[in-house]
Amino acid sequence: MDLIPFNRPYMTGAEFSFIDDAKKRNMLAGDGWFTKECHRWIESEAGARTALLTHSCTAALEMAALLIDIQPGDEIIMPSYTFVSTANAFVLRGGVPVFVDIRSDTLNIDELQIESAITNRTKAIVPVHYAGVACEMSAILAVASKHAVKVVEDAAQGVMAYYKGMPLGSVGDFGAFSFHETKNVISGEGGALLVNDPEYSLKAEIIREKGTDRSRFFRGEVDKYTWQSVGSSFLPGEIIAAFLLAQLQSAVKITEMRREIWSRYNMLAESLESDGLIRRPIVPVGCEHNAHIFYVLLEKGVDRSKVLSFMKQRGVHALFHYVPLHSSPAGQHFGRAHGQLLNTDQLSERIIRLPLWIGLGEDDQIRVVDTLKRAIESAKCE
Ligand SMILES: *Cc1c(COP(=O)(O)O)cnc(C)c1O
């Protein structure tokens with residue numbers, strides 16, 4: 001019996017010829033031709049005012065924390081149901097994550113609970129577009145502008161997804177993309193910062209180039225480059241950018257292929273939902289998702305670890321995540337929960353993500369859903 005892995009990185013076929021081309025251009029450090037092409041792609045397709053490739057989404061979030069000048073004690077509002085980097089990037093600067101509960105339909109931050117979490121130390125709101133389904137950005141932007149705080153979208157999972165027609169990552173003041181191999185569009189490790197407020201473009205370039213104005217020097221705008229501010233090395237080399245450009249150029253096709261697989265799961269899992277075994281993902285009107293994750297929520301009280309190990313024994317590798325940040329050791333030390341996070345606590349224990357990668361066939365998907373069904377029935381019997 002073949003193993004169905006959780007993820008298998010997709011290659012378009014153009015990656016290695018692009019890398020070869022980067023070598024022929026004799027420039028392998030960052031910000032060469034391929035990086036510029038990637039920037040141009042993100043600016044035109046994702047609507048960013050300025051796009052800057054980074055080593056990771058984590059690095060892009062760290063840049064955002066530097067850009068908005070997070071000081072020790074500043075508060076940043078975010079969900080607890082997210083990857084550690086959402087919080088860690090701000091904690092590195094002494095920021096305090098304030099964890100707000102999630103909505104039960106999308107598992108995104110509950111926009112209606114944000115305003116009551118705002119204090120005079122609040123600097124930013126960080127919505128995370130879980131599974132490539134947009135947060136309720138109109139409400140979030142309204143609260144942010146009312147209280148004069150910034151919005152940093154953690155759009156790690158949001159490449160090629162839209163909110164009311166707007167590409168995710170370009171809706172807030174800043175957006176952060178991930179091109180990690182587990183995401184939809186990949187370069188192994190990789191990311192981008194989307195700077196949507198032109199006031200921050202130059203500052204972002206400087207922070208990314210070790211605190212220097214080297215980018216302006218390369219453009220011939222200054223006759224030497226000097227140390228301007230605090231910064232670090234956030235830019236990837238051209239080999240990564242060449243790989244990424246091949247992927248970006250196929251991003252529409254990649255998204256289409258993933259959506260086809262996602263929709264088939266959605267169809268196959270319908271009867272499990274009507275039998276009361278699971279709940280399928282909910283995508284609100286106005287959100288165009290990118291099929292980053294297909295998950296199911298088990299009913300309360302079903303032993304998830306039994307379900308997962310049953311599936312694994314039968315060669316189907318399904319996963320769960322996240323351990324909520326407010327209940328993790330570092331989250332408790334550095335952050336605080338805003339009230340009770342009931343949805344976060346309950347839903348994070350009921351979620352299962354199914355294998356989703358380009359090349360996963362219909363037979364495989366039938367087997368995955370059938371195995372899931374038998375796993376739940378067996379876990380319920382015990
Ligand atoms: C993947 C992910 C990150 C981190 O991305 P890297 O590129 O690995 O740094 C951050 N936030 C969320 C929500 C993610 O899914």
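Just so you know, ligand 1 is whichever comes first in the structure, and atom 1 is the first atom listed for that ligand.
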Peer 1: Look at ligand 1 and say whether Y322 reaches it with a heavy atom at a distance under 4.0 Å.
Peer 2: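 It does; at least one heavy atom falls under 4.0 Å.
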Peer 1: Do you see a donor-acceptor pair shorter than 3.5 Å between the side chains of T226 and Q228?
Peer 2: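 Yes - a donor-acceptor pair under 3.5 Å links their side chains.
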Peer 1: Please tell me whether D69 and Q71 have a donor and an acceptor in their side chains that are separated by less than 3.5 angstrom.
Peer 2: yes
Peer 1: Do F90 and F334 make the cut of ring centroids closer than 6.0 angstrom?
Peer 2: no
Peer 1: Checking E15 against T12: is there a side-chain donor and acceptor pair closer than 3.5 Å?
Peer 2: yes
Peer 1: Can you pull out the closest protein heavy atom to atom 9 (O) of ligand 1? Residue, atom name and distance to 0.1 Å, please.
Peer 2: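 Ranked first by proximity to atom 9 (O) of ligand 1 is T58 OG1, 2.5 Å.
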Peer 1: Look at atom 2 (C) of ligand 1 and find which of Q157, H180, K183 reaches it with the closest heavy atom.
Peer 2: K183
Peer 1: Suppose we measure from atom 11 (N) of ligand 1 to each protein heavy atom; which comes out shortest, and what is that distance?
Peer 2: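 I find the closest protein heavy atom is D154 OD2, 2.8 Å.
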Peer 1: Measure the shortest side-chain to side-chain distance between R304 and R350 over non-hydrogen atoms and say whether it is less than 4.5 angstrom.
Peer 2: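 No; the side chains remain at least 4.5 Å from each other.
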Peer 1: What protein heavy atom is closest to atom 3 (C) of ligand 1, reported as residue, atom name and distance in Å?
Peer 2: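 Of the protein heavy atoms, F83 CD2, 3.6 Å lies nearest.
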Peer 1: Provide the number and element of each atom of ligand 1 under 4.0 Å from a heavy atom of V128.
Peer 2: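 In order of numbering, the contacting atoms are 13 (C).
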Peer 1: Mark up the atoms of ligand 1 that fall under 4.0 Å of a heavy atom belonging to G190, in ascending order.
Peer 2: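 Answer for ligand 1: 7 (O).
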Peer 1: Enumerate the atoms of ligand 1 whose separation from the nearest heavy atom of C57 is less than 4.0 angstrom.
Peer 2: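 Per the distance check, 4 (C), 5 (O), 6 (P), 7 (O), 9 (O), 10 (C).
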Peer 1: With a 6.0 Å cut-off on ring centres, are F243 and F18 close enough?
Peer 2: no
Peer 1: Applying a 4.0 Å heavy-atom criterion (strictly less than), which segment of A156 is in contact with ligand 1: side chain, backbone, both, or neither?
Peer 2: side chain
Peer 1: How about W262 and H289: are their ring centroids closer than 6.0 Å?
Peer 2: yes
Peer 1: Looking only at distances, please establish whether an N/O atom of ligand 1 is found under 3.5 Å from an N/O atom of S178.
Peer 2: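 It does: an N or O of S178 is found under 3.5 Å from an N or O of ligand 1.
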